[in-house]
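One structure coming up, written as C-alpha cells, with questions to follow.
Numbering of residues begins at 1 and proceeds along the displayed sequence. Model, not experiment: these values are computed from the prediction.
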Amino acid sequence: MKILPDYEHMNYRDVYTCLLHQYRDILGLWQPDLGPYGGLLNVVVDGFFIIGWMYLPPHDPHVNEPMRLKPVFRIHLMEKKSATVECMYGPKGPHSGQIQLVKKDEFCTKCLQTDYHRMSGGRQEEFRTWLRDDLGRTLDDIFHEHMQELILMKFIYICQYDNCLTYRRIYHPPSQPDDLVQPGFFKGTYGSHGLEIVMLSFHGTVAKATKITGDPNVPAGQPTLEIDLTRPVRLPVLDHLQNIDELTRLIMDIYDEINREQRLARSEEEGASVRVEEPLQGPSSPTKPKARQIDVQGELKPPDQQAFALPDEVMARNEDYPRSCRLCFYGTGLIAGHGFSSPERTPGLFILFDDDRFGFIWLELKSFSLYSRMRDKFQNSRPPSPEAFDEMLKAMQQWTT
C-alpha cells in the first residue's frame, strides 16, 4: 500500500528543512514497547511523507508468504510549512497525532483523537476485525480453549496502547564474509502462538536468533535460539531419522560431551583435579561423538544436500518444509512458563535448508519451528559498529524482563 501526497506543488528546501531535518532521527527500524509481544516498525521517507510501517507476519502457518505492512503514522507538511503528524490507526482514516523524541534512540507516538479507533459495534466488532485482519481468523476457527485465551489476552494487552506507544531503535545485524548465511530477519512458527519475527545474527562460532516479536512465554527481545557452529551433526539415513529416539541420542551425545568439557574446564580453572563420573573416550580429553561422521582428515565434509524428514512424533505447524537440507548443528532453544517463568535452554537440532530457510527441532517439546527469510529491504538500519549491535542485543533482553 503506497500513500501518495494530496498536493502537487512542494518546495524541496521546505521539505528538507521542516520535515526531513526535523524528523531525521526517527528513520530506521524500531521495536514498539508492547510488553512480551514487541513488533517491528520501519520509518521511511515516501515521497513528501515520512511513514511508519508496522511489519506483520503472514497468517499462520504460511511462513513462506510475504510480510504484511500496516501504516501506523505519517508526517507531512501543511500549507504553513509546519510538519503535521497523523495517526493511521482505526477504520476512519488519518487523524491528529503527536511524535516526541524522548531521548537518543527512543521516541513516542500519541493519538489525539482516539475516537477514530472505535467501531460502531464496540469492542466485540473491534475484536472480530482485529482477529480477521491481524491473525486471519474468525471466532469459529478457534477450537482450543488455550488458544482462545492467548488470542484474547493479546488483544486486551494491545488495546491498552492504542493511544500512546514508545519505540526503541533496533539494528539490522551486521554481516561478515564467513557467515553461514546472510544474517537478517525471519518469520518463524511457534505453535499456538502463531508466527513470530526473529533476527538471525552471527557471533564468531555461535549463531543467535533473537525474538523481535514474542509471546507471554518467551517475550520479544529474548534469544530464542543459540546455535553452536562448532558442533555439526550428520543426519542418519532417512529411515532412522524418522525415529525420534535416534535423533534424541544424536543430540544428547553432544549435550553430554559439552557438559564433560565444561566440567573439565572448571576443574582446570580451579586448579584442582575433579573426578568426572562419565568415562571419557580417550586418555585426557573427550572425543567427538560417533554421531558426527568425520572424514580421514578429521574435518566434517557434509554432502551438498542431505535427505531430511521430521521424526514421526515431532509436531509441525507447517508440513510444507523442505525434504532436503544443507547442514545441521547442535543448538539450544529457550522455553519458559507463562510470564517468562522458569526459563531454561533445552537441546535441539538446527537445520539449514538453504540461504533463506532454516528450522529447529525442540526435542523436549517434540515440536518443529520453520523459519523463512523476510525479503524486505531496510534503509537506515545498519549499526554504527559491531559493538553497538551487541549492546543493543543486551538491552533488548532487559526491555521485556
*How many angstroms lie between CG in Leu225 and CZ in Phe186, if you round to the nearest 0.5 Å?*
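So the CG of Leu225 and the CZ of Phe186 are separated by 11.5 Å.
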_Separation of Lys187 NZ from Ser369 OG (nearest 0.5 Å)_ = 14.5 Å
*Of all the heavy-atom pairs spanning Trp30 and Asp25, show the shortest one and how long it is.*
CZ2-O, 3.5 Å
*asked:* Between Glu246 and His240 (side chain of the first, backbone of the second, donor and acceptor by atom type, cut-off under 3.5 Å), is there such a pair?
replied: no
*Examine Phe389 together with Tyr171 and report whether their ring centres are nearer than 6.0 Å.*
no
*Is the ring centre of Phe185 less than 6.0 Å from the ring centre of Phe378?*
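Yes, close enough.
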*Could you tell me the separation between the NZ atom of Lys208 and the OG atom of Ser201, rounded to the nearest 0.5 Å?*
7.0 Å
_Pairing donors with acceptors under 3.5 angstrom, does anything connect the side chains of Asn64 and Ser372?_
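Result is yes, a qualifying pair exists.
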_Does any part of the side chain of Asp228, heavy atoms only, come nearer than 4.5 Å to the side chain of Ile254, both counted from C-beta?_
no
*Thinking salt bridges, do Asp356 and Arg375 make one under a 4.0 Å N-O criterion?*
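Here Asp356 pairs with Arg375 in a salt bridge, since their nearest N and O are under 4.0 Å apart.
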*Carboxylate-amine/guanidinium contact Arg137 Asp60, below 4.0 Å*: yes
_Side chain proximity check, Val72 to Ile51, heavy atoms < 4.5 angstrom_ = no
_Heavy-atom donor-acceptor pair, Gln306 side chain to Cys325 backbone, under 3.5 Å_ = no
*Using a strict 4.0 Å threshold on nitrogen-to-oxygen distance, state whether Arg326 and Asp355 make a salt bridge.*
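Answer for the salt bridge query: yes.
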*Given the side-chain rings of Phe73 and Tyr89, with only the six-membered ring counted for Trp, is the space between their centroids under 6.0 Å?*
no
*Before giving the answer on side-chain contact (heavy atoms from CB on, under 4.5 Å), spell out for His117 and Glu126 the whole-Å C-alpha distance, their side-chain angles and the decisive distance to 0.1 Å.*
CA-CA 9 Å; His117 301 182; Glu126 292 169 19; over 6 Å; no
*Is there a side-chain contact (heavy atoms from CB on, under 4.5 Å) between Tyr371 and Val63 once you walk through the steps?*
CA-CA 7 Å; Tyr371 302 83; Val63 70; 5.8 Å; no
*Do Glu269 and Arg266 meet the salt-bridge criterion of a basic N to acidic O distance under 4.0 Å?*
no
*asked:* Measuring centre to centre across the rings, with the benzene-like ring taken for any Trp, is Phe48 within less than 6.0 Å of His76?
replied: no
*Is Ile75 close to Thr84 at the side-chain level, that is, under 4.5 Å between some pair of heavy atoms?*
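Counting from C-beta outward, Thr84 and Ile75 never come under 4.5 Å.
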*What heavy-atom pair brings Met67 and Pro58 nearest, and what distance separates the two atoms?*
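Looking at all heavy atoms of both residues, the closest pair is SD-CD, 4.0 Å.
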*Given Phe368, which of Tyr321, Trp362, Phe360, Tyr190 fulfils the ring-ring contact (aromatic ring centres under 6.0 Å, His included) condition?*
Tyr321
*What's the shortest heavy-atom distance between Gly359 and Phe353, and which atoms?*
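Here Gly359 and Phe353 meet closest at N-CE1, 3.7 Å.
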*Determine, stepwise, if the pair Arg128 / Glu125 fulfils salt bridge (charged side-chain N to carboxylate O under 4.0 Å, His left out).*
CA-CA 5 Å; Arg128 287 194 296 268; Glu125 183 183 358; 5.7 Å; no
_Salt-bridge contact Glu261-Arg231 (side-chain N to carboxylate O under 4.0 Å)_ =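 Looking at Arg231 together with Glu261, the answer is yes, because their closest N to O distance falls below 4.0 Å.
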*Any donor-acceptor pair under 3.5 Å from Asp179 side chain to Gln176 backbone*: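 Indeed, once roles are kept as given, a pair shorter than 3.5 Å links the two residues.
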*Taking all atoms of both residues into account, what is the closest heavy-atom pair of His59 and Asp133, and its distance?*
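Heavy atoms only, the tightest pair is NE2-O, 3.2 Å.
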*asked:* Measuring from atom OG1 of Thr230 to atom CD1 of Ile258, what distance do you get when rounded to the nearest 0.5 angstrom?
replied: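 Atom-to-atom, Thr230:OG1 and Ile258:CD1 are 7.5 Å apart.
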*Does the Thr189 side chain pair with the main chain of Leu370, one donor and one acceptor, at a distance under 3.5 Å?*
yes
_Before you tell me yes or no, could you show the steps for Val218 and Ile335 under side-chain contact (heavy atoms from CB on, under 4.5 Å), namely the whole-Å CA-CA distance, both residues' side-chain angles and the distance that decides it to 0.1 Å?_
CA-CA 7 Å; Val218 178; Ile335 61 174; 5.5 Å; no
*Do the charged groups of Asp354 and Arg357 touch, with an N to O distance under 4.0 Å?*
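The answer is yes: the pair qualifies as a salt bridge.
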*Charged N to carboxylate O under 4.0 angstrom, Arg118 versus Asp162?*
yes
*Closest approach of Thr210 and Met396, non-hydrogen atoms and distance?*
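In terms of heavy atoms, the two residues are closest at CG2-CE, 4.1 Å.
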*Taking only Lys NZ, Arg NE, NH1 and NH2, and the carboxylate oxygens of Asp or Glu, determine whether Glu196 and Lys211 approach each other closer than 4.0 Å.*
yes
*asked:* Side chains of Phe202 and Pro183, heavy atoms from C-beta outward: is any pair under 4.5 Å?
replied: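 Yes; the side chains approach each other to less than 4.5 Å.
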*Closest approach of Met88 to Pro71 (non-hydrogen atoms, all atoms of both residues)*: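 Minimum heavy-atom separation between Met88 and Pro71: CB-O, 3.3 Å.
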*asked:* Using only atom types and a distance under 3.5 Å, with no angle test, would you say the side chain of His21 pairs donor to acceptor with the backbone of Leu19?
replied: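 No; judged by distance alone, with no hydrogens or angles, the pair does not exist.
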*How long is the gap from OG on Ser324 to CD1 on Ile351, to the nearest 0.5 Å?*
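Atom-to-atom, Ser324:OG and Ile351:CD1 are 12.0 Å apart.
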*Using the side-chain contact (heavy atoms from CB on, under 4.5 Å) rule, take Met374 and Tyr55 through it: C-alpha gap first, then chi angles, then the decisive distance, then the call.*
CA-CA 10 Å; Met374 288 174 51; Tyr55 280 69; 4.0 Å; yes
*asked:* Any heavy-atom pair between the side chains of Lys154 and Leu150 that's under 4.5 Å?
replied: no
*May I ask you to test the Gln305-Arg323 pair for a side-chain heavy-atom distance under 4.5 Å?*
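Gln305 does not reach Arg323 side chain to side chain.
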*Between the side chains of Asn217 and His338, does any donor sit under 3.5 Å from an acceptor?*
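Side chains of Asn217 and His338: no pair found under 3.5 Å.
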*Would you say Ile244 and Val314 make side-chain contact, with heavy atoms under 4.5 Å?*
yes
*asked:* Check Arg249 with Asp253, please: is the shortest side-chain N to carboxylate O separation under 4.0 Å?
replied: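 Yes.
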*Flag if over 12 foreign heavy atoms under 6.0 Å of CD, Glu65*: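 More than 12 heavy atoms, drawn from other residues, nucleotides or ligands, come within 6.0 Å of this atom.
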*Answer yes when Arg168 and Asp33 have at least one side-chain N-carboxylate O distance shorter than 4.0 Å, and no when they do not.*
yes
*Taking atom CG of Leu152 and atom CG of Leu131, what is their separation to the nearest 0.5 Å?*
10.0 Å
*Any side-chain heavy atom of Leu241 sitting closer than 4.5 Å to one from Leu310?*
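Contact flag for Leu241/Leu310 side chains = no.
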